[in-house]
Amino acid sequence: DRRRQRRGRAGMSADGHRIDSAEDDALRAVLDTPDHVRTRGALANTLSFAWRALLKIKHTPEQLFDILVTPIMFTVIFTYLFGGALAGSTGDYLQFLLPGMLAQTVVFTTIYTGFTLNGDIGKGVYDRFRSMPIWPPAPIVGAMVGDLMRYTISSLIVIIVGLLMGYRPPAGIPGVIGAVLLLNVFALGIGWIFT
């Protein structure tokens with residue numbers, strides 16, 4: 001009985017109208033094509049979500065403030081407020097302060113992946129991501145890659161402000177690059193807690 005019903009409905013549209021064979025063949029060609037939705041690779045999906053995470057920075061004022069203003073403000077304030085009293089000069093104090101400012105600045109920005117993921121789950125956006133033909137971990141991995149960019153930008157701002165104020169890294173450029181990489185690994189570890 002079911003086979004007869006299927007055969008009887010084969011030439012019918014959803015609203016009960018008869019479909020001619022040319023329309024039926026065209027419809028079957030579209031629906032039967034395995035590539036009608038091309039899925040991109042895991043790397044492309046991850047980079048798309050990383051770009052989405054970076055775009056949220058300009059639309060969320062507190063994230064923009066934490067990335068751009070907070071590193072400059074804390075570095076300048078603590079250097080000139082405590083530098084002369086604790087180390088005798090601001091230049092000497094900056095050698096101790098800047099690494100701590102790097103860690104503090106990055107730790108302040110680690111909360112945003114968990115915060116935005118919570119917002120996406122609450123609004124139902126994450127459910128849409130799960131229903132899309134993408135690499136399943138791409139929303140979370142992409143957000144973390146976006147955070148790596150955020151951590152690097154914050155670190156570079158602190159380093160540039162420190163260099164303008166007289167900081168001279170004892171290990172040179174390779175030491176600074178190694179410190180930023182180590183700081184990014186540390187920040188990813190803290191960021192996963194919030195995620």
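We use all heavy atoms of the structure for the numbers below, so side chains are in, but hydrogens, waters and symmetry mates are not. Bear in mind that the values here come from a model prediction, so they are computed numbers and not experimental data.
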Nearest 0.5 Å, please: how far is CG in L98 from OH in Y167? 5.5 Å
Minimum heavy-atom distance between M101 and F78, given as atom pair plus value: SD-CD1, 4.0 Å
Check for me, please, whether L68 and L54 land in the same ILVMFWY cluster - side-chain distances under 4.5 Å, paths through other members count. yes
When rounded to the nearest 0.5 Å, the distance separating CD1 of I67 from OG1 of T105 is 11.0 Å
Hey, can you tell me if F129 and F49 have their rings parallel, tilted or perpendicular (30° and 60° cut-offs)? perpendicular
Donor-acceptor contact below 3.5 Å, side chain T110 vs main chain V107: yes
ILVMFWY network linking M73 to V158, side-chain heavy atoms under 4.5 angstrom: yes
Least distance between heavy atoms, R168 atom then L163 atom: NH1-O, 3.1 Å
Give, for atom OH of Y93 and atom CE of M165, the distance between the pair rounded to the nearest 0.5 Å. 11.0 Å
Taking all heavy atoms of P170 and all of Q95, pick out the closest pair and write down the distance. CD-OE1, 4.2 Å
Is there a path from V185 to I159 through hydrophobic residues (I, L, V, M, F, W, Y) whose side chains come within less than 4.5 Å of each other? no
Work out which heavy atom in L55 is nearest to a heavy atom in H59; give both atom names and the distance. O-CD2, 3.1 Å
Just by modelled atom types, is the Q63 backbone N or O under 3.5 Å from a matching donor or acceptor in the T109 side chain? no
Report the C-alpha distance between L182 and F186 in whole Å, list the side-chain angles of each, state the deciding distance to 0.1 Å, and finish with yes or no for side chain to side chain contact (heavy atoms under 4.5 Å, CB included). CA-CA 6 Å; L182 182 62; F186 168 71; 5.8 Å; no
Give a yes or no on this: more than 12 heavy atoms of other residues, nucleotides or ligands lie within 6.0 Å of atom CH2 of W51. no
Closer than 3.5 angstrom, by distance alone: can the side chain of N45 be matched with the main-chain N or O of A138 as a donor-acceptor pair? no
Apply side chain to side chain contact (heavy atoms under 4.5 Å, CB included) to L43 and L47, showing your working. CA-CA 6 Å; L43 180 63; L47 292 177; 4.1 Å; yes
Check whether S154 reaches the backbone of Y151 with its side chain - one donor and one acceptor, N or O, closer than 3.5 Å. no
Closest non-hydrogen atom pair between L183 and S155, with its separation: CD2-OG, 3.4 Å
Apply the test side chain to side chain contact (heavy atoms under 4.5 Å, CB included) to residues R52 and D120: give CA-CA distance (whole Å), side-chain angles for both, the deciding distance (0.1 Å), then the verdict. CA-CA 12 Å; R52 177 181 181 264; D120 287 346; 3.0 Å; yes
Co-membership, hydrophobic cluster, residues V141 and L148, 4.5 Å side-chain: no
State the CG-OG1 distance between L102 and T75, to the nearest 0.5 angstrom. 7.5 Å
Rounded to the nearest 0.5 Å, how far apart are CD1 of I140 and OH of Y126? 3.5 Å
Of all heavy-atom pairs between A53 and G146, which one has the smallest distance, and what is that distance? CB-CA, 4.2 Å
Distance in Å, I77 CD1 paired with I72 CD1, rounded so as to fall on 0.5 Å steps: 11.5 Å
Do the side chains of M132 and W135 join up, straight or via other hydrophobic residues, at under 4.5 Å, putting them in one cluster? no
Answer whether the closest heavy-atom distance between the side chains of I57 and I153 falls below 4.5 Å. no
For the pair D66 and Y112, evaluate side chain to side chain contact (heavy atoms under 4.5 Å, CB included) and give the outcome as yes or no after the intermediate values. CA-CA 10 Å; D66 281 348; Y112 288 116; 2.3 Å; yes
Considering residues, nucleotides and ligands other than F115, do more than 12 of their heavy atoms fall under 6.0 Å from its CZ? no
